[in-house]
Amino acid sequence: METRNTTAGTVNPTELIEWFDATARPLPWRAPDVTGWGVLVSETMLQQTPVARVQPIWEEWMARWPRPSDLAAASQAEVLRAWGKLGYPRRALRLHQAAATIAADHGDVVPADVDTLLALPGIGAYTARAVAAFAYGRRAPVVDTNVRRVVARAVHGAGDAGPPSTNRDLADVDALLPTADAEAARMSAALMELGQVVCTVRSPVCDRCPIAHDCAWQHAGRPAYAGPPKKVQKFAGTDRQVRGKLLDVLRGTEGPVTREQLDAVWSDAGQRDRCLDSLLVDGLLEQTDDGRFALPGEH
DNA sequence: TATCCGTGGCA
DNA sequence: TTGCCAAGGAT
């Protein structure tokens with residue numbers, strides 16, 4: 001028998017996990033035969049990037065580079081082209097570096113230990129715990145934007161999460177997880193799924209929420225978000241847009257391009273040059289001996 | 001801690 | 001049309 005908790009601000013792991021077992025989307029990286037490498041690639045691609053855009057690219061990468069050593073053997077240019085327009089291409093370079101370290105130092109197997117994962121480039125507090133939990137069934141508080149929102153509502157009764165604070169957020173979620181590894185890992189996946197498909201930012205579907213009866217936000221009458229205003233980053237006209245346009249020229253051509261070809265994508269010469277320099281500094285571009293520009297490692 | 005780093009869909 | 005924002009990380 002199970003007791004039905006009716007205290008606002010608590011989360012019953014069993015209810016959440018049963019809901020997840022019954023409704024989870026069959027995302028390809030959730031298949032039982034997916035390796036730690038497959039999970040790491042998916043989590044890296046999913047950083048700030050919607051599922052629908054990641055899915056086809058992830059399939060291509062798994063077919064082309066099924067092990068870390070396979071990716072490590074590719075050139076940076078190949079990796080950046082295969083990354084396509086997922087955005088934040090530095091993620092691709094860091095994943096490439098991480099793959100090389102995993103191949104060289106970890107027997108070509110993605111580590112399961114959070115601290116070991118954190119030492120790899122491009123793997124931060126979220127990704128390290130996501131890999132430990134989803135790939136290896138470990139108990140690790142997985143905190144992403146969805147989980148933060150679920151906790152803000154269900155536990156704290158707020159309309160949305162305030163500014164992130166890694167240690168506090170980790171402690172909040174850690175307090176919710178059951179002791180056992182497998183159950184805790186399942187609950188972490190369930191919390192994320194709940195935030196993505198039910199407890200959404202704009203129009204949460206509380207009618208379909210498995211824990212609505214315990215939700216502090218429900219009990220408080222679903223008050224509006226009262227925290228500090230969220231900061232929205234501009235994009236049009238920023239260096240991010242210019243860098244994206246410059247890199248897109250290189251992705252779309254075979255070999256090196258001339259400065260004139262790059263000059264064509266943005267009229268502000270000062271900003272253009274600054275962005276070109278920053279791409280070189282970031283290792284996303286290289287300059288050839290004859291002064292042209294190329295993706296790294298392809299000339 | 002605040003800011004920077006791409007891209008595209010959607011209300 | 002445009003602001004919002006989507007499984008963050010590094011500095």
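Chain letters run A, B, ... following the sequence lines, proteins first and then strands; every chain starts at 1.
A/Thr127 comes within 4.0 angstrom of the backbone, heavy atoms only, and of no base. Base engagement by A/Arg53 is indicated by at least one non-hydrogen atom pair under 4.0 Å involving a base atom. Residue contacts for A/Val54: at a heavy-atom cut-off of 4.0 Å it reaches no nucleic acid atom on any strand shown. Residue contacts shown for A/Pro163 are absent, as no nucleic acid heavy atom lies under 4.0 Å away. Contacts of A/Thr44 with the nucleic acid, taken as non-hydrogen atoms under 4.0 Å apart, are absent. Contacts of A/Gly124 with the nucleic acid, taken as non-hydrogen atoms under 4.0 Å apart, involve only primed sugar atoms and P, OP1 or OP2. Looking at heavy-atom distances under 4.0 Å, A/Pro121 makes contact with sugar-phosphate atoms alone, never a base. Counting non-hydrogen atoms under 4.0 angstrom, A/Leu279 reaches nothing in the nucleic acid. Among the heavy atoms of the strands lying under 4.0 Å from A/Trp29 is at least one base atom, whether or not backbone atoms are also near. Backbone-only contact: A/Lys231 has heavy atoms under 4.0 Å from sugar-phosphate atoms and none from a base. Among the protein residues, A/Arg25 comes within range of the nucleic acid bases, having at least one heavy atom under 4.0 Å from a base atom.
Atom name P, nucleotides B/dC4 and C/dA7: the rounded distance is 23 Å, in whole Å.
The list of salt bridge (Lys or Arg N to Asp or Glu O under 4.0 Å) pairs with a residue in residues 250-266 of chain A, not counting sequence neighbours, reads A/Asp248-A/Arg251, A/Arg259-A/Asp273, A/Asp263-A/Arg272.
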Result block: side-chain N/O donor-acceptor pairs under 3.5 angstrom for residues 164-173 of chain A, not counting sequence neighbours:
from: A/Asp169; atom 1: OD2; to: A/Arg148; atom 2: NH1; distance (Å): 3.4
from: A/Asp169; atom 1: OD2; to: A/Ser165; atom 2: N; distance (Å): 3.0
from: A/Asp172; atom 1: OD2; to: A/His156; atom 2: NE2; distance (Å): 3.0

Below 3.5 Å, can you tabulate the donor-acceptor pairs from side chains in residues 130-141 of chain A to any protein atom, sequence neighbours excluded?
from: A/Tyr136; atom 1: OH; to: A/Val110; atom 2: O; distance (Å): 2.4
from: A/Arg139; atom 1: NE; to: A/Pro178; atom 2: O; distance (Å): 2.8
from: A/Arg139; atom 1: NH1; to: A/Asp174; atom 2: OD1; distance (Å): 2.8
from: A/Arg139; atom 1: NH2; to: A/Asp174; atom 2: O; distance (Å): 3.0
from: A/Arg139; atom 1: NH2; to: A/Leu177; atom 2: O; distance (Å): 3.1

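Every residue two or more places apart in sequence or in another chain that forms a salt bridge (Lys or Arg N to Asp or Glu O under 4.0 Å) with A/Asp290 is listed here: A/Arg292. Applying the salt bridge (Lys or Arg N to Asp or Glu O under 4.0 Å) test to A/Arg208 and every residue at least two apart in sequence or in another chain returns nothing. A/Pro204 is linked by a side-chain contact (heavy atoms from CB on, under 4.5 Å) to A/Arg153, A/Thr200, A/Cys206, A/Trp217, A/Arg222, counting only residues two or more places apart in sequence or in another chain. In this structure, the side-chain hydrogen bond (donor to acceptor under 3.5 Å, both in side chains) partners of A/Asp239, at least two apart in sequence or on a different chain, are A/Gln271, A/Arg274. Listed by chain and number, the residues in a side-chain contact (heavy atoms from CB on, under 4.5 Å) with A/Thr49 are A/Arg53, A/Val54, A/Leu86, A/Arg91 (sequence neighbours excluded). Taking A/Trp266 as the reference, nothing meets the ring pair (Phe, Tyr, Trp, His ring centres under 6.0 Å) condition, with sequence neighbours excluded.
Near DNA chain C, meaning a heavy atom under 4.0 Å from it, residues 235-248 of chain A has no residue at all.
With a cutoff of under 4.0 Å to any heavy atom of chain A, the contacted region of DNA chain B is bounded 5' to 3' by B/dT3 to B/dG8. First and last contacts of DNA chain C with chain A, using any nucleotide atom under 4.0 Å from a protein heavy atom and ordered 5' to 3', fall at C/dC4 to C/dA10.
With no hydrogens or angles considered, a side-chain donor-acceptor pair links A/Glu43 and A/Tyr126 at under 3.5 Å. With hydrogens and angles left out, the side-chain atoms of A/Glu15 and A/His213 include a donor and acceptor closer than 3.5 Å.
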